[in-house]
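These notes concern the structure reproduced below.
Not measured: the values here are computed from a predicted model. Atoms within a ligand are numbered from 1 in the order they appear, just like the ligands themselves.
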Amino acid sequence: MFLPLGGVGEIGMNLYLYGYGYDRAREWLIVDMGVTFGSETEPGIDVILPDIRFIEEERKNIVGLLLTHAHEDHFGAVIDLWPQLAGIPVYATPFTAEMLKSKLAEVGLVNGFPLEILPLAHRRTIGPFDVELINMSHSIPEPSAVVIRTPLGAALHTGDWKLDENPLTSAPTDEARLKALGTDGLAALICDSTNAVRHGVSLSEADVAITLGQLIREAPQLVAVTTFASNVARIGSVAKATRSAGRELVVVGRAMFRVIEAAQATGYLDPNLPFHEETALARLPRHKVVALCTGSQGESRAAMARIAQGEHPNVKLEEGDQVIFSSRTIPGNEKAVSRIQNGLADLGVEVITDQDANVHVSGHPRRGELEQLYGWVKPSVAVPMHGEGRHLEAHARLAESLGVKQVVRARNGAMVRLAPGPAAIIDEVPVGRLYRDGMILTRSEDGQVRERRKLSFAGSVVVSLVLSDKGVLLAGPEVALTGLPAMDNEGTLFAEIVRDAVIGTIESLPRPKRKDQALVSEAVRRSVRAAINQAWGKKPLCSVLLTVL
Ligand SMILES: [Zn+2]
Ligand SMILES: [Zn+2]
């Protein structure tokens, strides 16, 4: 049984379950538990997590949570959701575990956290499942695919992967193991769809290293490189290029330090990697520096955004400097990223992106790589995952064209029977999104974010008034306007328009009805919105504070 609670129909918030057994006796293994990030349509929300009510209800049947790799969209929700997970054992390979531990330490959770570290390419049982990790390549150390075997057959969950003979960090994709799965007979392949619309095969991380080396060698002045902090291979390539150009590496941004520490602890970066903190910039000659910065996605609080606005305390860029965006802009971040790139251009800085040179490769398989994997593992059933609708559909069609007999088009919440019998969606379970709103987790349907969207469109009006118990207006109406224009096209103040509407409404109500507080409030609210709409063409949110003495 395969059940996605997040990640199918979106890129982000990956959360998958594999089940074995019947009805009440069915046991589940969770694979990954990630977050996605809020955009302009979720004002005030930075982080979005999957709704795990299904897991809470099934808690006694959950045998563990296995993490495929340490990207936020795969492991970023573990800590926030930990109180609801009630001690489910967590399994991860050393680098992923190190990244999780560094987050646990920040919230004081390390002691007693049931984290079990698995060696790479390890095989063991977890509950009724025979679980085997297979090394893949991706844009972070130690990405693992997972083979989940039960007496009904074997399913391969790829996690995030690509084919790269020279990934520059951990081992390349284990082609031999994957081919052996095909020989033994694979029941189902649940596979990454991110780049299923892109033809050909991806470049290697080693190609990017060569380009970065050239650019840094030829740069006349200071070079800043921004990339995903988790891309350890890229950090290593920048460090190497820096050294061979006779420059000094300066690291800017907290997230970058956390990854460097985890990579040094697990052997993916030289523990003696020479780098400086950002304050060193003041004393180093500009043409002798490479600054490695966070914020490639335009994150407003990260280093790059502050540098582009000229507001960074220690990093000032000027005419003749270069900034290399060694990254891809994740859909939804385009505006934020181009704002930064324009800001840099205004400072006279040359901006180099993956449109200009081979300064980035994706960590996900293009069609050519998907074809190779299907050829090796020859699944009976394919279920595309890790993609938006068009990625999933392109992947599904590709799988069909490659001769896979059963391709299941699932979405979050669909319980998919992989075996026995024909693969099919046999049930639906509740799914949803949780917002991390300040320090509070709320359900997306709770409505406060919808209200914020409305506020941003048409502002708000608050009306306060006092009536006597006989229905006489004793005080007010007081009016507070937020986010409205001051006056209409005729020059009448909106505060006046609101006051007239309120008084007119009260007077139009017969005295006995004015005793009904709810009725009066609602009548005032409606008339205020209608009056503003007539003068403005928009309806703000409106609250009425009515006191009856
Ligand atoms: Zn990933
Ligand atoms: Zn991912």
Side-chain angles (χ1 to χ4, degrees), residues 4-16 30-37 47-50 65-78 92-93 95-100 103 120 133-146 156-164 167-173 189-198 202 205 208 227-235 255 258-259 262-263 268 296-297 326-333 360-366 369-370 373 383-392 395 412 433:
L5 298 181
V8 184
E10 61 195 333
I11 291 183
M13 218 174 78
N14 293 282
L15 174 52
Y16 308 100
I30 309 172
V31 177
D32 289 341
M33 189 170 286
V35 297
T36 195
F37 296 101
V47 174
I48 302 174
L49 307 99
L65 162 59
L66 179 68
L67 302 174
T68 60
H69 65 292
H71 272 152
E72 287 295 322
D73 62 322
H74 294 261
F75 91 136
V78 175
T93 55
F95 178 79
T96 307
E98 196 63 35
M99 292 287 285
L100 185 62
K103 288 179 152 218
L120 287 174
L133 302 180
I134 295 185
N135 293 333
M136 305 296 269
S137 20
H138 184 42
S139 46
I140 192 168
E142 299 181 0
S144 295
V146 190
L156 173 65
H157 180 97
T158 62
D160 293 358
W161 67 281
K162 67 181 283 193
L163 296 182
D164 190 338
L168 304 182
T169 46
S170 36
T173 298
L189 173 65
I190 296 86
C191 180
D192 184 352
S193 309
T194 313
N195 281 343
V197 293
R198 301 177 72 178
S202 18
E205 194 59 42
V208 175
T227 186
F228 300 100
S230 56
N231 197 329
V232 173
R234 200 68 54 81
I235 294 173
R258 180 194 287 170
V259 174
Y268 292 108
S296 65
Q297 295 305 307
S326 186
S327 57
R328 178 187 70 108
T329 302
I330 293 170
N333 297 342
H360 179 67
V361 284
S362 168
H364 299 275
R366 294 186 177 208
E369 290 152 90
L370 289 169
L373 180 71
V383 189
M385 65 160 174
H386 202 289
E388 295 173 357
R390 68 195 179 95
H391 310 124
L392 299 173
H395 185 170
N412 293 335
R433 305 178 140 220

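- Among heteroatoms of the N, O or S kind in His386, NE2 lies nearest the Zn ion (ligand 2).
- For Phe75, there are no ring-ring contact (aromatic ring centres under 6.0 Å, His included) partners two or more places apart in sequence or in a different chain.
- At a threshold of 4.5 Å between non-hydrogen side-chain atoms, the residues Leu49 and Met13 do not count as touching.
- Taking the six-membered ring where the residue is Trp, the centroids of His386 and His364 are separated by under 6.0 Å.
- A 4.5 Å side-chain heavy-atom check between Asn412 and Leu5 finds every atom pair outside the cut-off.
- With a cut-off of 2.8 Å, the protein N/O/S atoms near the Zn ion (ligand 1) add up to 4.
- Ion pairing between a basic and an acidic side chain is recognised when a charged N comes within 4.0 Å of a carboxylate O; Glu72 and Lys103 show such pairing.
- Using a 4.5 Å cut-off on side-chain heavy atoms (C-beta onward), Phe37 and Asp73 make no contact.
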